[in-house]
Engineer: 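Pasting a structure below so you can have a look.
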Amino acid sequence: MKTEPSVFSLQDLKACPEQTAEWEGVRNYQARNFMRDGMKKGDAVLFYHSATKVPAIVGSAVVVREAYPDHSSWDPESKYFDAKSSPDNPRWVMVDLRYQQEFAEPLGLEELRKIPQLKEMMLLRRGMRLSIQPVTKREYEAVLRRAEVK
DNA sequence: GCCAACGTTGGC
DNA sequence: GCCAACGTTGGC
């Protein structure tokens with residue numbers, strides 16, 4: 001899962017009550033579908049910081065609640081408000097995420113590209129802007145192994 | 001701050 | 001339902 005740390009960082013997640021937060025604001029259908037159909041309770045999540053000096057995977061989190069309607073979508077006060085979404089007919093969903101760990105050092109894109117098992121990783125494909133992307137077990141484990149070495 | 005690569009919108 | 005115009009994302 002991608003996030004701009006200036007908006008919501010891994011440290012922000014860690015600072016939340018019970019280190020858990022609602023993942024509000026996903027407003028892309030493909031990302032929504034991945035979140036709705038692919039994310040199960042207990043699933044591990046790689047946490048990626050984008051639009052920063054060193055874009056990098058910085059740690060991990062875990063899904064503690066599966067997809068349910070994103071209430072910020074019908075909150076006129078929210079910056080994620082969508083007039084076409086309502087409690088009766090919610091268009092967007094969110095999951096709840098709990099902080100798991102912060103890597104000793106962030107794994108930047110350049111470094112990730114050097115890991116052979118990540119050759120096909122969606123994150124590393126050019127033009128990839130999706131904020132929610134499926135990660136294979138093999139990719140996940142390769143990232144964690146690399147993180148532990150550092 | 002540039003710009004490539006997407007996604008969305010709306011006229012037709 | 002096509003597609004040009006526009007908006008956004010995000011690495012560089």
Side-chain angles (χ1 to χ4, degrees), chain A residues 1-16 21-39 43-63 66-136 138-150:
Chain A
M1 297 176 84
K2 275 196 222 183
T3 174
E4 296 186 28
S6 60
V7 177
F8 191 85
S9 68
L10 184 60
Q11 291 72 31
D12 291 332
L13 177 61
K14 191 180 182 181
C16 284
E22 298 175 328
W23 205 258
E24 64 175 13
V26 172
R27 296 292 179 268
N28 170 285
Y29 289 105
Q30 212 182 337
R32 179 201 67 182
N33 294 347
F34 280 137
M35 188 160 60
R36 185 190 59 199
D37 306 331
M39 299 183 75
D43 279 355
V45 172
L46 293 176
F47 208 95
Y48 177 81
H49 281 174
S50 69
T52 167
K53 310 107 274 170
V54 185
I57 300 177
V58 294
S60 67
V62 59
V63 177
E66 290 175 20
Y68 61 102
D70 179 347
H71 49 77
S72 73
S73 68
W74 57 76
D75 174 6
E77 302 293 303
S78 171
K79 64 173 173 175
Y80 302 117
F81 176 71
D82 177 358
K84 291 174 180 159
S85 184
S86 68
D88 287 341
N89 192 13
R91 171 174 297 212
W92 306 107
V93 299
M94 54 165 95
V95 295
D96 288 358
L97 231 55
R98 188 195 307 249
Y99 171 87
Q100 189 162 267
Q101 65 169 326
E102 179 175 4
F103 296 160
E105 289 185 48
L107 299 181
L109 291 176
E110 197 178 337
E111 182 160 11
L112 292 170
R113 289 186 205 283
K114 289 182 192 157
I115 302 175
Q117 294 93 327
L118 303 186
K119 216 170 168 115
E120 307 292 318
M121 195 179 192
M122 202 178 278
L123 180 68
L124 303 180
R125 296 221 258 274
R126 70 192 278 266
M128 178 43 64
R129 304 186 314 186
L130 265 191
S131 63
I132 315 248
Q133 304 170 11
V135 175
T136 67
R138 175 180 152 89
E139 289 164 350
Y140 173 78
E141 286 171 353
V143 169
L144 277 209
R145 263 198 308 278
R146 190 68 191 90
E148 281 162 9
V149 169
K150 297 186 78 168

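Protein chains get the first letters and strands the later ones, always in sequence-line order, with residue 1 at the start of each.
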Engineer: I want to check something: taking the side chain as every heavy atom from C-beta on, are A:Met121 and A:Leu112 in contact at a cut-off of under 4.5 Å?
Structural biologist: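 No - every pair of side-chain heavy atoms lies 4.5 Å or more apart.
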Engineer: Where along residues 50-58 of chain A does a heavy atom fall under 4.0 Å from DNA chain C?
Structural biologist: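 Under 4.0 Å from DNA chain C: A:Ser50, A:Ala51, A:Pro55.
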Engineer: Measure from the side-chain heavy atoms of A:Arg129 and tell me the nearest of C:dG10, C:dG11, B:dC6.
Structural biologist: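 Nucleotide nearest to A:Arg129's side chain: B:dC6.
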Engineer: Is it the case that the side chains of A:Tyr68 and A:Asp96 hold a donor-acceptor pair, with the cut-off being a distance below 3.5 Å and no angle test?
Structural biologist: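 Yes, A:Tyr68 and A:Asp96 have a side-chain donor paired with an acceptor closer than 3.5 Å.
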Engineer: In whole angstrom, give the distance that lies between atom CZ of A:Arg32 and atom P of B:dT8.
Structural biologist: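 It is 10 Å, rounded to the nearest whole Å.
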Engineer: Between C:dT8 atom P and A:Met128 atom CE, what is the distance in whole Å?
Structural biologist: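 Nearest whole value for this atom pair: 20 Å.
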Engineer: Can you tell me how far P of B:dC6 sits from CZ of A:Arg125, to the nearest Å?
Structural biologist: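 In whole Å, B:dC6 P lies 11 Å from A:Arg125 CZ.
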Engineer: List the steps and the verdict of side chain to side chain donor-acceptor pair (under 3.5 Å) for A:Ser72 and A:Arg27.
Structural biologist: CA-CA 11 Å; A:Ser72 73; A:Arg27 296 292 179 268; 3.1 Å; yes
Engineer: Kindly give the heavy-atom pair with the smallest separation between A:Trp23 and A:Lys2, and that separation in Å.
Structural biologist: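 That would be CZ2-O, 3.8 Å.
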Engineer: Counting side-chain heavy atoms from C-beta on, which of C:dG11, C:dG10, B:dG7 comes nearest to A:Tyr48?
Structural biologist: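 So the side chain of A:Tyr48 is nearest to C:dG11.
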Engineer: If only atom types and distance count, is the side chain of A:Arg91 paired as donor or acceptor with the main-chain N or O of A:Ser73 below 3.5 Å?
Structural biologist: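 Absent.
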Engineer: Output the rounded distance in Å from CZ (A:Arg91) to P (B:dG7).
Structural biologist: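 Going from A:Arg91 (CZ) to B:dG7 (P), I get 17 Å.
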Engineer: Taking only side-chain nitrogens and oxygens of A:Tyr29, does any of them come within less than 4.0 Å of OP1 or OP2 of B:dC6?
Structural biologist: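 It does not, given that no N or O in the side chain of A:Tyr29 lies less than 4.0 Å from OP1 or OP2 of B:dC6.
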Engineer: Please check if any side-chain donor atom of A:Gln11 sits under 3.5 Å from a side-chain acceptor atom of A:Glu102, or the reverse.
Structural biologist: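 Present: a donor and an acceptor within the cut-off.
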Engineer: Distance check needed: C:dG10 P versus A:Leu112 CG, whole Å only.
Structural biologist: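 Going from A:Leu112 (CG) to C:dG10 (P), I get 16 Å.
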Engineer: Quick one, A:Asn89 with A:Ser86, criterion side chain to side chain donor-acceptor pair (under 3.5 Å). Give me CA distance, side-chain angles, the key distance, then yes/no.
Structural biologist: CA-CA 5 Å; A:Asn89 192 13; A:Ser86 68; 5.6 Å; no
Engineer: Which whole-number value in Å describes the distance from A:Ile132 CD1 to C:dG10 C1'?
Structural biologist: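 Rounded to whole Å, this separation is 16 Å.
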Engineer: Looking at the side chain of A:Leu109, which of C:dT8, C:dG10, C:dG11 is the nearest nucleotide?
Structural biologist: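 Nucleotide nearest to A:Leu109's side chain: C:dG11.
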Engineer: Roughly, in whole Å, what's the span from CD in A:Glu4 to P in C:dT9?
Structural biologist: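 After rounding, the gap between these two atoms is 7 Å.
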Engineer: Starting at NZ of A:Lys2 and ending at P of C:dT9, how long is that distance when rounded to a whole Å?
Structural biologist: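 In whole Å, C:dT9 P lies 11 Å from A:Lys2 NZ.
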